[in-house]
Amino acid sequence: MPTARKIVKTTCSHDCPDACSVLITVEDGKAVHFAGDPDHPFTRGFLCGKVNGYERMVYSPDRLLQPLKRAGPKGATQFERLSWDEAIATIAARLQETKGRHGGEAIVQYYYAGTMGYVHRFCADALFNKLGATRLRPNICYYGADAGYNAVTGGGYGLDPEDLVHSDHIIIWGCNVVSTQVHLVPFIDEARKRGAKLTVIDPYRNRTASIADEFLKIPPGADTALALAMARVIVREGRADEEFLAVRTQGFERFRDEVLPQYPPERSAEITGLPVETILRLAREYAAARAPVIKFGIGLGRNSNGPDAVRAICCLAGVAGAYMKTGGGVLYDSGCEFKPNLSAVTRPDWLERPVRSMNMTDLARALTEWRDPPIKFLYIHSSNPAATAPEQERLARGLGREDLFTVVHERFPTDTVRYADLVLPAPTFAEVDDLYKSYGHLYLQRGRAAIPPRGECRSNLEVIQSIGKALGFKDPWFSKSVEDFIRELLQTGHPNFKGVTAERILAGETVRLNIPRGTSGYRERFPTASGKLEFYSKELEEAGLPPMPGYWGDGDAAERAKHPFRLLTPPAHHFLNTSFGASEASRRRAGGEPRVMVHPEDAARLGIADGDLVEARNDVGAARLLAQVTDATQPGVLIAEGTWWPWHGRGGRGINALTSARVTRLGGGSMFHDSRVALRRAQS
Ligand SMILES: Nc1nc2c(c(=O)[nH]1)N[C@H]1C(S)=C(S)[C@@H](COP(=O)(O)OP(=O)(O)OC[C@H]3O[C@@H](n4cnc5c(=O)[nH]c(N)nc54)[C@H](O)[C@@H]3O)O[C@H]1N2
Ligand SMILES: Nc1nc2c(c(=O)[nH]1)N[C@H]1C(S)=C(S)[C@@H](COP(=O)(O)OP(=O)(O)OC[C@H]3O[C@@H](n4cnc5c(=O)[nH]c(N)nc54)[C@H](O)[C@@H]3O)O[C@H]1N2
Ligand code: SF4
Ligand SMILES: [Mo]
């Protein structure tokens, strides 16, 4: 029997929209059980399969527990221990030397959302602002989808996800919620119990499509053509919401007269492969619904047509007037509603002069091509670019540069760690305090350490503060606690934070943003320049971009002939990006090794059998995977679920050996689902 037992309420830190409230049972100082908080309105008492059993991650024998330094050639994974004091002194000396010899811009901080906590995620910005380092432009994830969404709606949450229960037709369009946002499922189930229909539109039969009433399989990037054809049917058949269009929108006439005529259902049928009757029926069902909602994912934006697919969907919902119906509209991302006083953590005022910036997607090019100054010091935390960034082979060359000094602050020995000169051990969310927002719901909650950091692990804030002190920085920022920062973060005049006090948060309360229930996010205005839903965007026109959405085709014919397959690399059910790649059990559940779905027609033509080793190749690189012959995908489209650690892949190469650093024209976002490849059977 344990002598001491307690339950600690905290928040899951992973890069997941659900930001679950987690109850950790601690017995005799050990975290023994992770459970979903039954009192959290969105977590509703359950965790995803990844975080159930998280004690196996916390106590994994693979955890990094001490600082290490390189003791062999780069990439050879030969390391030896050193003390924290030595590690911090080495980093400080290197930073000083780099800045002195090459200037601050020779230093780059690379990070993403390995932890979603406001303090640990963003604190290093303050130090790197002080050093005048090259700034990171975080375009790896949502820039494309965001740009499309903002162009039409201006941003904002649109619809409270809890109001989904009031919808009578839910269309999940390019989003695998069962895997990537599982806490939305109970709300969808409730709506269905009340009679709602669930339609899924996706290039492959993902887990969400498998539970739908109707699944429409369309080619990747064809979405714009479908949404605009639906809008056209609705307008032509007199089913549009005239009052909404007259009062709340801008540019509808031009949209109606210049865009919609280009999308007769026959053309859309050709592009999407759907029968004309299906398009007509879907448009009519959608218009006839009392409160139709379209839930789309971030991944929808990650191809050359992606941002416009999002625009077209947002316009379609406008034509139907869906935004004003409780439970209707579009559901995308609630993260933009959280506007704390982030400058207290990131200190933009410490940047003395403008500095150059680097797209996250350009890391490989920046490390191998940039001069003036070249990048000489790379500080990576909360991210695993050797697996998740595009142009993996080029990146490996860049990370392998002997003249580059790389620090990696990590929990596990990832592929990125193997290129480090210094490895610093990081804690899991069970070991640190922080403040967490969500990008899937409207609640804010603190994280609270349930156990002390394992081994010699130190949080992002501790490390950054130690480096700052070693550099002689005296500002009080370098001595503040997480609690101090939480208080400062909450000192914001933003109306959404009215009543969201430090006292409530620090006491552990789950606090909802000051956003009324049961009403549209756009009840008063759309946060666009005009205050209206913009079918037509003057700003985009002025920026030299198409002011209205359109379908821009499927690339050039020569490229299609050379690389006949379109490759999609959506998230895996059992991984969170590359987190959980360290877990053998997770890898086993995800299929044991990286696989690629090939349609039976393509497989037959290429002589590929289920379980064969295949090679995908293009001008960026090559990867070998196991073929999974299945009609879940469609002819010409390959699906490789999950960003596996490259060294769990054949030949030490991951799927991003095939993805390029091209970005979307609108938004400049990553294009992970826009690669073309040639496929053949490979010899094992
Ligand atoms: N289990 C799990 N959960 C996760 C993640 C994970 O890796 N694993 N990742 C987290 C992160 S970082 C993010 S950003 C979020 C969201 O992560 P995203 O990668 O944005 O995933 P989804 O929003 O689910 O969208 C994926 C779906 O979009 C489809 N899709 C791709 N291209 C197209 C297209 O052109 N048209 C249509 N109609 N569909 C398309 C894919 O086939 C797939 O079914 O999820 C988070 N949650
Ligand atoms: N092919 C392909 N590539 C993709 C995607 C795709 O769909 N397909 N998705 C893209 C998307 S949407 C995203 S968001 C990116 C994500 O790219 P990354 O941010 O590189 O992915 P993660 O696997 O989430 O990496 C987080 C790392 O942070 C570490 N970590 C966790 N907590 C802490 C902490 O407190 N401190 C420190 N120092 N480290 C911590 C974890 O151990 C983990 O290794 O990947 C992108 N790459
Ligand atoms: S990964 Fe997402 S669904 Fe799973 S526990 Fe964390 S926040 Fe919840
Ligand atoms: Mo992401």
Side-chain angles (χ1 to χ4, degrees), residues 11-22 34-37 40 42-44 46-52 54 112-114 116 138 140-145 171-185 200-209 216-224 226-227 272 294-306 308-310 313 332-333 335 360 383 388 429 436 438-441 554 566-581 586 590 597 632-634 637 639-643 669-674:
T11 310
C12 174
S13 68
H14 282 291
D15 183 0
C16 166
D18 292 358
C20 287
S21 180
V22 182
F34 287 69
D37 178 355
H40 189 285
F42 207 74
T43 305
R44 291 183 159 200
F46 76 99
L47 300 177
C48 67
K50 307 180 292 295
V51 176
N52 266 324
Y54 203 68
Y112 203 61
M116 288 279 294
I140 199 113
C141 178
Y142 60 84
Y143 274 37
I171 300 182
I172 299 185
W173 199 320
C175 188
N176 188 6
V177 290
V178 168
S179 293
T180 59
Q181 200 165 349
V182 65
H183 289 82
L184 213 52
V185 173
V200 168
I201 303 173
D202 205 279
Y204 83 110
R205 196 173 60 240
N206 59 23
R207 284 179 188 243
T208 311
L216 301 176
K217 196 192 275 182
I218 65 168
D223 312 86
T224 315
L226 176 57
T272 60
I294 301 175
K295 163 67 191 159
F296 59 88
I298 305 175
L300 186 58
R302 291 190 201 119
N303 69 71
S304 58
N305 279 296
D308 271 47
V310 172
I313 286 170
Y332 166 50
D333 181 322
M360 285 185 81
S383 185
T388 55
F429 70 81
Y436 297 91
S438 159
Y439 60 98
H441 57 68
D554 187 22
R566 176 80 176 257
L567 170 71
L568 266 57
T569 63
H573 188 77
H574 299 286
F575 296 151
L576 199 297
N577 301 326
T578 68
S579 301
F580 301 92
S586 302
M597 296 180 199
T633 184
Q634 52 185 292
V637 176
I639 308 283
E641 282 186 343
T643 316
S670 60
M671 308 227 297
F672 288 110
H673 305 319
D674 207 344

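Indexing begins at 1, ligand by ligand and atom by atom, following the structure's order. Excluded from the calculations below are hydrogen atoms, water molecules and symmetry mates; all remaining heavy atoms, backbone and side chain alike, are included. In this chain, residues are counted from 1 in sequence order.
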Quick test: of every protein heavy atom, which one is nearest to atom 14 (S) of ligand 1, and how far off is it to 0.1 Å?
C141 SG, 3.1 Å

Heavy-atom contacts with D15 under 4.0 Å: which atoms of ligand 1 show up? List them by number with element.
10 (C), 11 (C), 12 (S), 46 (C)

Just checking Y54 against F429, ring centres under 6.0 Å apart?
yes

Nearest to atom 4 (C) of ligand 1, what protein heavy atom do you find, and at what distance?
L576 CD2, 3.5 Å

Here the atoms of ligand 1 under 4.0 Å from any heavy atom belonging to S179 are 1 (N), 2 (C), 3 (N)

Which of the ligand 3 atoms, numbered from 1, are nearer than 4.0 Å to a heavy atom of A19:
7 (S)

Nearest protein heavy atom to atom 45 (O) of ligand 1, by residue and atom, and its distance?
T180 CB, 3.5 Å

Measure the distance from atom 21 (O) of ligand 1 to every protein heavy atom, then report the residue, atom name and distance (to 0.1 Å) of the closest one.
P571 CG, 3.5 Å

Is there a heavy atom in P17 that sits closer than 4.0 Å to ligand 1?
yes

Evaluate H673 for polar contact with ligand 1, using N/O atom pairs at a separation under 3.5 Å.
no

Going by heavy atoms in the side chains, are F296 and I171 under 4.5 Å from each other?
no

My understanding is that we take every heavy atom of each candidate and find the minimum distance to atom 2 (C) of ligand 1. Doing that for F575, W173, Y332, Y204, which one comes out nearest?
F575

What are the two closest non-hydrogen atoms of H673 and N303, and how far apart are they?
O-CB, 4.1 Å

Can you tell me how far apart CD1 (I218) and CG (D202) are? Round to the nearest 0.5 Å.
8.0 Å

Nearest heavy atoms of Y112 and C141, plus distance in Å:
OH-CB, 3.2 Å

To the nearest 0.5 Å, how far apart are CZ in R44 and OG in S21?
14.0 Å

With a cut-off of 4.0 Å, which atoms of ligand 1 are near a heavy atom of I298?
14 (S), 20 (O), 23 (O)

Heavy-atom donor-acceptor pair, S438 side chain to P17 backbone, under 3.5 Å
yes

What residue and atom, counting heavy atoms only, is the protein's closest point to atom 9 (N) of ligand 1, and at what distance?
N577 OD1, 3.4 Å

Heavy-atom distance to atom 11 (C) of ligand 1: which of Y439, F296, Y142, F580 wins?
Y439

Which residue, C48, C16, S586, forms the side chain to side chain contact (heavy atoms under 4.5 Å, CB included) with L576?
C16

Does ligand 1 have any atom sitting under 4.0 Å from a heavy atom of Q181?
no

Could you tell me the residue and atom name of the protein heavy atom closest to atom 2 (Fe) of ligand 3, and the distance to it rounded to 0.1 Å?
C16 SG, 2.4 Å

Of the protein's non-hydrogen atoms, which lies at the shortest distance from atom 35 (O) of ligand 1, and what is that distance?
G221 N, 2.9 Å

Looking only at protein heavy atoms, what sits closest to atom 8 (Fe) of ligand 3 is C20 SG, 2.3 Å

Which protein heavy atom lies closest to atom 43 (C) of ligand 1, and at what distance to 0.1 Å?
D202 OD2, 3.6 Å

Any donor-acceptor pair under 3.5 Å linking the side chain of N176 with the backbone of T208?
yes

Regarding H14, does it place an N, O or S atom less than 2.8 Å from atom 6 (Fe) of ligand 3?
no

Heavy-atom contacts with H183 under 4.0 Å: which atoms of ligand 3 show up? List them by number with element.
3 (S), 8 (Fe)

Beyond-backbone contact of N206 with S179, side-chain heavy atoms, under 4.5 angstrom
no

Report, in ascending order of atom number, the atoms of ligand 1 lying under 4.0 Å from any heavy atom of N206.
44 (O)

Answer yes or no: is there a side-chain heavy-atom contact under 4.5 Å between Q634 and P220?
yes

With atom 25 (O) of ligand 1 as the reference point, say which of G174, A209, P570 has the nearest heavy atom.
G174

Regarding ligand 1, does G299 bring an N or O atom to under 3.5 Å of one of the ligand's N or O atoms?
yes

Ligand-residue contact atoms, ligand 1 with D223, heavy atoms, under 4.0 Å:
34 (C), 35 (O), 36 (N), 37 (C), 38 (N)

Which atoms of ligand 1 have any heavy atom of G297 under 4.0 Å away?
23 (O)

Which atoms of ligand 1 are found less than 4.0 Å from any heavy atom of N303?
35 (O)

Nearest protein heavy atom with distance in Å, relative to atom 19 (O) of ligand 1
R302 NH1, 2.8 Å

Sidechain N-carboxylate O distance under 4.0 Å for R566, D674
yes

Among all protein heavy atoms, pick the one closest to atom 1 (S) of ligand 3 and tell me residue, atom and distance.
C48 SG, 3.7 Å

With heavy-atom distances below 4.5 Å as the criterion, would you say the side chains of I313 and L300 are in contact?
yes

Under-4.0 Å heavy-atom contact with ligand 1, by part of H573 that carries it
backbone

Considering only heavy atoms, which of P203, A590, S304 lies nearest to atom 30 (N) of ligand 1?
P203

If you look at every heavy atom in H14 and V51, which pair is closest and at what distance?
CD2-CG2, 4.3 Å

Checking H183 against H40 for the ring pair (Phe, Tyr, Trp, His ring centres under 6.0 Å) test, could you report, in this order, the C-alpha distance in whole Å, the side-chain angles of both residues, the deciding distance, and whether it holds?
CA-CA 11 Å; H183 289 82; H40 189 285; 8.6 Å; no

Least distance between heavy atoms, L47 atom then N52 atom
O-ND2, 3.3 Å

Could you find the nearest protein heavy atom to atom 6 (Fe) of ligand 3 and give me its residue, atom name and distance?
C12 SG, 2.4 Å

Heavy-atom pair of closest approach, residues C175 and G297:
CB-N, 3.5 Å

Proximal ligand 1 atoms for A572, defined as those under 4.0 Å from one of its heavy atoms:
1 (N), 2 (C), 8 (N)

Taking all heavy atoms of L568 and all of V637, pick out the closest pair and write down the distance.
CD1-CG1, 4.5 Å

